[in-house]
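To start, the structure itself, in structure tokens.
Within every chain, numbering begins at 1; the chains are lettered A, B, ... in the order of the sequence lines, protein sequences first and strands thereafter.
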Amino acid sequence: MNFWLMKSEPEEFSIDDLERVGSEPWNGVRNYQARNYMRDGMKRGDRVLFYHSNCQPPGIVGIARIAGKARPDPTQFDPESDYYDPGSKPEDPRWLLVDVVFDRRLRRLLSLDELKTHAEALGDFPLLRRGNRLSVLPVTAEQWNYLIKMEKQHGPA
DNA sequence: GCCAACGTTGGC
DNA sequence: GCCAACGTTGGC
């Protein structure tokens, strides 16, 4: 089993939305590296840290699971979609999605600010890398366990 | 709203 | 294949 962090802007799709719908096709990923993580790295049952980005405060808010292996993202073939890609052929889809299933909310927000204060313990945590903009990031088992321990402790004042 | 970081595009 | 221009992300 692998661990991941996936970003979402809560104004677009929040952990509340995921809890309500239960499962969401993660469409619209149009970055090759993120696609490759989904295609090559994700399997049914993988665990996901659900991260709220571009909001105040940004941070990890919940946990989700991956429902199954990546499949073609239908929005790439829809001319009406913001994610339409006229260069992608149905017989050779360029873009993939995975289905993300709600697991639970965190007991408390693990804010980006707080995560930064644990940068040393987290080691090379991709979210904290300078200039990182990827919406799908790998997380190690050690980082996962550390973050879950953080969740169970009291946060900063 | 600003802007640093960085991916993509397209002219050459 | 280089690289300048441009677009997007996302924290601040």
Side-chain angles (χ1 to χ4, degrees), chain A residues 2-21 24-42 46-64 66 70-100 102-103 105-140 143-144 146-148 150-151 153-157:
Chain A
N2 291 318
F3 301 93
W4 307 95
L5 181 144
M6 296 174 85
K7 298 179 188 174
S8 187
E9 302 191 11
E11 290 200 7
E12 297 296 321
F13 190 83
S14 70
I15 191 70
D16 296 338
D17 296 320
L18 185 63
E19 182 169 24
R20 188 177 325 114
V21 299
E24 177 74 4
W26 210 255
N27 58 34
V29 174
R30 296 293 181 269
N31 171 284
Y32 286 105
Q33 195 175 345
R35 180 205 65 182
N36 293 347
Y37 283 140
M38 294 195 294
R39 182 190 63 192
D40 305 330
M42 286 188 177
D46 280 4
R47 314 293 302 278
V48 177
L49 298 166
F50 196 97
Y51 180 88
H52 279 174
S53 67
N54 204 12
C55 61
Q56 201 50 244
I60 300 166
V61 293
I63 291 179
I66 299 299
R71 58 186 176 88
D73 178 350
T75 63
Q76 71 197 300
F77 304 122
D78 177 4
E80 302 298 307
S81 170
D82 287 345
Y83 303 124
Y84 180 54
D85 181 354
S88 182
K89 300 283 167 261
E91 62 273 20
D92 185 23
R94 181 176 294 167
W95 304 113
L96 303 174
L97 62 74
V98 290
D99 292 282
V100 176
F102 179 80
D103 184 346
R105 301 163 163 283
L106 292 193
R107 298 180 195 182
R108 65 185 187 86
L109 169 75
L110 295 180
S111 73
L112 182 60
D113 275 348
E114 186 181 355
L115 296 176
K116 284 176 177 171
T117 69
H118 292 258
E120 196 166 340
L122 284 166
D124 187 18
F125 195 52
L127 186 73
L128 302 179
R129 275 187 216 145
R130 220 164 69 112
N132 150 70
R133 297 181 310 160
L134 268 187
S135 61
V136 178
L137 298 167
V139 174
T140 67
Q143 287 161 346
W144 180 279
Y146 187 87
L147 292 164
I148 297 305
M150 273 180 71
E151 179 201 8
Q153 292 162 359
H154 289 295

What is the separation between atom [atom1] on [X] and atom [atom2] on [N], rounded to the nearest whole Å?
{"X": "A:His52", "N": "C:dT9", "atom1": "NE2", "atom2": "P", "answer": "17 Å"}
{"X": "A:Trp95", "N": "B:dT8", "atom1": "CH2", "atom2": "P", "answer": "7 Å"}
{"X": "A:Met6", "N": "C:dG10", "atom1": "CE", "atom2": "P", "answer": "12 Å"}
{"X": "A:Leu134", "N": "B:dA5", "atom1": "CG", "atom2": "C1'", "answer": "12 Å"}
{"X": "A:Leu112", "N": "C:dC12", "atom1": "CG", "atom2": "C1'", "answer": "11 Å"}
{"X": "A:Glu11", "N": "C:dG11", "atom1": "CD", "atom2": "C1'", "answer": "15 Å"}
{"X": "A:Glu9", "N": "C:dT9", "atom1": "CD", "atom2": "C1'", "answer": "8 Å"}
{"X": "A:Asp113", "N": "C:dG11", "atom1": "CG", "atom2": "P", "answer": "10 Å"}

Quiz prompt | Among B:dC6, C:dG11, C:dG10, the nucleotide that comes nearest once only the side chain of A:Arg133 is considered | solution =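 Between B:dC6, C:dG11, C:dG10, the one nearest the side chain of A:Arg133 would be B:dC6.
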Exercise. Answer yes or no: does a side-chain N or O of A:Tyr51 lie under 4.0 Å from OP1 or OP2 of C:dT9?
Key: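 Looking at the OP1 and OP2 atoms of C:dT9, neither is under 4.0 Å from any side-chain N or O of A:Tyr51.
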Practice problem: Give a yes/no on whether any side-chain N or O of A:Lys7 is located under 4.0 angstrom from OP1 or OP2 of C:dT8. | Solution: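 For C:dT8, OP1/OP2 do not have a side-chain N/O of A:Lys7 under 4.0 Å.
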Exercise. Step by step, work out the side chain to side chain donor-acceptor pair (under 3.5 Å) result for A:Asp17 and A:Ser14.
Key: CA-CA 5 Å; A:Asp17 296 320; A:Ser14 70; 3.2 Å; yes
Quiz item: More than 12 foreign heavy atoms under 6.0 Å from CD of A:Glu91: is that the case here?
Solution: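 Result for CD/A:Glu91: enclosed.
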Quiz prompt | Verdict with supporting geometry, A:Trp4 and A:Phe50, ring-ring contact (aromatic ring centres under 6.0 Å, His included) | solution = CA-CA 9 Å; A:Trp4 307 95; A:Phe50 196 97; over 10 Å; no
Quiz item: Closer to the 5' end of DNA chain B via nearest nucleotide, is it A:Asn54 or A:Arg130?
Solution: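 Upstream on the strand: A:Asn54.
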Quiz item: Does anything in residues 51-62 of chain A pair up under salt bridge (charged side-chain N to carboxylate O under 4.0 Å, His left out), and if so which pairs, sequence neighbours excluded?
Solution: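 Of all non-adjacent pairs touching residues 51-62 of chain A, none passes salt bridge (charged side-chain N to carboxylate O under 4.0 Å, His left out).
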Practice problem: Please list residues of residues 25-36 of chain A whose heavy atoms come under 4.0 Å from any atom in DNA chain C, ordered by number; otherwise none. | Solution: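 DNA chain C contact set from residues 25-36 of chain A: none.
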Exercise. Determine whether A:Leu109 and A:His52 make a side-chain contact, defined as any pair of heavy atoms from C-beta on separated by less than 4.5 Å.
Key: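 No, too far: nothing below the 4.5 Å cut-off.
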Quiz item: Are A:Met6 and A:Val98 side-chain neighbours, meaning at least one heavy-atom pair lies under 4.5 Å?
Solution: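 Result yes, sub-4.5 Å side-chain heavy-atom pair found.
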Quiz item: Side chains of A:Asp113 and A:Ser111: is there a donor and an acceptor less than 3.5 Å apart?
Solution: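 Judged by distance alone, the side chains do not pair up.
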